[in-house]
Amino acid sequence: MRLVVFDVDGTLVDSQHLIVAAQGLAFAEIGLPAPGRREALSVVGLSLPQAFRRLVGDDGPIAELSESYKLAYNRLRLDPAYEEPLFPGMADLLARLHARDDVLIGLATGKSRRGVDRLVAHHGWGDWFVTTQSADDAPSKPDPTMLQQAMDEAGCGPKATVMVGDTTFDIAMGVAAGAESVGVAWGYHPPEALYGAGAAIVVPSAGALEARLFDAAATRP
């Protein structure tokens with residue numbers, strides 16, 4: 001049995017407009033200038049305190065920004081203008097992986113547990129994932145605990161696990177946990193950064209990712 005663990009934001013779901021807008025409102029709420037779009041997206045994948053620590057420093061209003069962001073995010077997600085679509089091909093890929101007898105799938109994300117549960121329910125994924133790891137369950141990426149917990153829950157070791165993500169935090173977490181890390185090129189960190197963090201490969205499309213995962217499931221010990 002093989003375990004494939006997916007990051008969410010930037011890998012499965014294109015949430016960039018919602019994230020940037022919510023950050024802007026959070027910074028405005030406490031009277032600080034918001035980061036630019038590129039800087040805002042550079043911290044996607046981290047848990048909120050770690051993300052805002054990178055944006056404002058250790059002495060910044062991290063707790064206040066985190067709370068303001070959560071409120072803004074929950075408010076904006078109800079607006080159709082900030083819909084979070086799945087990236088092309090990812091819904092079909094998940095369905096095919098779920099249908100295989102030799103593959104298990106999981107999630108590991110900087111979202112809250114509430115956010116993960118809401119996402120799964122919204123897309124009708126039900127019991128598709130044998131493990132779902134959130135910001136409430138473990139230290140922030142790139143700490144390997146989240147992925148280690150996922151492997152323990154699935155009963156799969158590092159050599160039978162692939163971590164799929166779009167940021168260096170995802171890739172570094174996979175490397176630290178001893179799993180293969182596969183990057184996707186459509187997310188929020190550039191391919192060269194993903195390779196620098198230790199990605200075995202960076203794929204350009206859902207089809208290329210599927211080919212890589214199925215090949216790995218067939219050939220890797």
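Using a 4.5 Å cut-off on side-chain heavy atoms (C-beta onward), H17 and R37 make contact. Within the 4.5 Å cutoff, no side-chain heavy atoms of C156 are placed close to those of R2. No side-chain heavy atom of V13 sits less than 4.5 Å from a side-chain heavy atom of K111. Residues L76 and L25 are in side-chain contact: their nearest non-hydrogen atoms beyond the backbone lie under 4.5 Å apart. Counting only heavy atoms from C-beta outward, the side chains of L209 and M90 approach each other to under 4.5 Å. In this structure, the side chains of F52 and P35 stay at 4.5 Å or more apart for every pair of heavy atoms. Counting only heavy atoms from C-beta outward, the side chains of Y188 and D14 approach each other to under 4.5 Å.
The shortest heavy-atom contact between L194 and G183 is CD1-CA, 3.9 Å. Contact between L86 and A91 at its shortest, heavy atoms only, is CD1-CB, 3.7 Å. Nearest heavy-atom pair, G174 versus S181, reported as atom, atom and distance to 0.1 Å: CA-OG, 3.3 Å. The nearest pair of heavy atoms linking L147 to A177 is CD2-CB, 3.7 Å. Between T145 and P139 the shortest heavy-atom distance is CB-CD, 3.8 Å. Between G24 and A34, the shortest heavy-atom contact is CA-CB, 3.9 Å.
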>> Under the criterion side-chain contact (heavy atoms from CB on, under 4.5 Å), I'd like the reasoning laid out for L107 against L12: C-alpha separation, chi angles, the key distance, then a yes or no.
In response: CA-CA 10 Å; L107 299 176; L12 296 179; 3.7 Å; yes
>> Checking E84 against D9 for the side-chain contact (heavy atoms from CB on, under 4.5 Å) test, could you report, in this order, the C-alpha distance in whole Å, the side-chain angles of both residues, the deciding distance, and whether it holds?
In response: CA-CA 9 Å; E84 299 175 279; D9 293 311; 4.2 Å; yes
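In R54, the CZ atom is not crowded: 12 or fewer heavy atoms of neighbouring residues, nucleotides or ligands sit closer than 6.0 Å. For CZ of R114, the number of neighbouring non-hydrogen atoms (other residues, nucleotides, ligands) closer than 6.0 Å is 12 at most. Around the OH atom of Y195, the shell of radius 6.0 Å holds more than 12 heavy atoms that belong to other residues, nucleotides or ligands.
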Side-chain donor-acceptor pairs under 3.5 Å in residues 119-132, sequence neighbours left out?
{"unit_1": "T131", "atom_1": "OG1", "unit_2": "Q133", "atom_2": "NE2", "d": "2.9"}
{"unit_1": "T131", "atom_1": "OG1", "unit_2": "E153", "atom_2": "OE1", "d": "2.9"}
{"unit_1": "T132", "atom_1": "OG1", "unit_2": "R113", "atom_2": "NH1", "d": "2.7"}

For residues 55-72, which side-chain donor-acceptor pairs fall under 3.5 Å, sequence neighbours excluded?
{"unit_1": "D58", "atom_1": "OD1", "unit_2": "R53", "atom_2": "NE", "d": "3.4"}
{"unit_1": "S66", "atom_1": "OG", "unit_2": "I62", "atom_2": "O", "d": "2.9"}
{"unit_1": "S68", "atom_1": "OG", "unit_2": "E64", "atom_2": "O", "d": "3.1"}

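S47 places no side-chain N or O within 3.5 Å of a backbone atom of Q50 that could act as its donor or acceptor partner. Side-chain atoms of W186 come within 3.5 Å of backbone N or O of T11 as a donor-acceptor pair. Distance alone, capped at 3.5 Å, places no donor-acceptor pair between the D92 side chain and the G89 backbone. For K141 (side chain) and M146 (main-chain N/O), no donor-acceptor pair under 3.5 Å exists by modelled atom type.
Interatomic distance, T167 OG1 to M173 CE, rounded to the nearest 0.5 Å: 8.5 Å. The structure places CG of L46 at 11.5 Å from CG of D143, a figure rounded to the nearest 0.5 Å. Of the inter-residue distances, the one linking L78 atom CG with E83 atom CD reads 12.5 Å to the nearest 0.5 angstrom. The distance from the CZ atom of R77 to the CG atom of D79 is 12.0 Å, given to the nearest 0.5 Å.
A cation-pi arrangement is present between R100 and F214 under the rule of less than 6.0 angstrom and at most 45 degrees off the ring axis.
Among the candidates I105, D7, V184, the single residue satisfying the side chain to side chain contact (heavy atoms under 4.5 Å, CB included) test with V164 is V184.
Side chains of D136 and S112: a donor-acceptor N/O pair is absent below 3.5 angstrom, by distance only.
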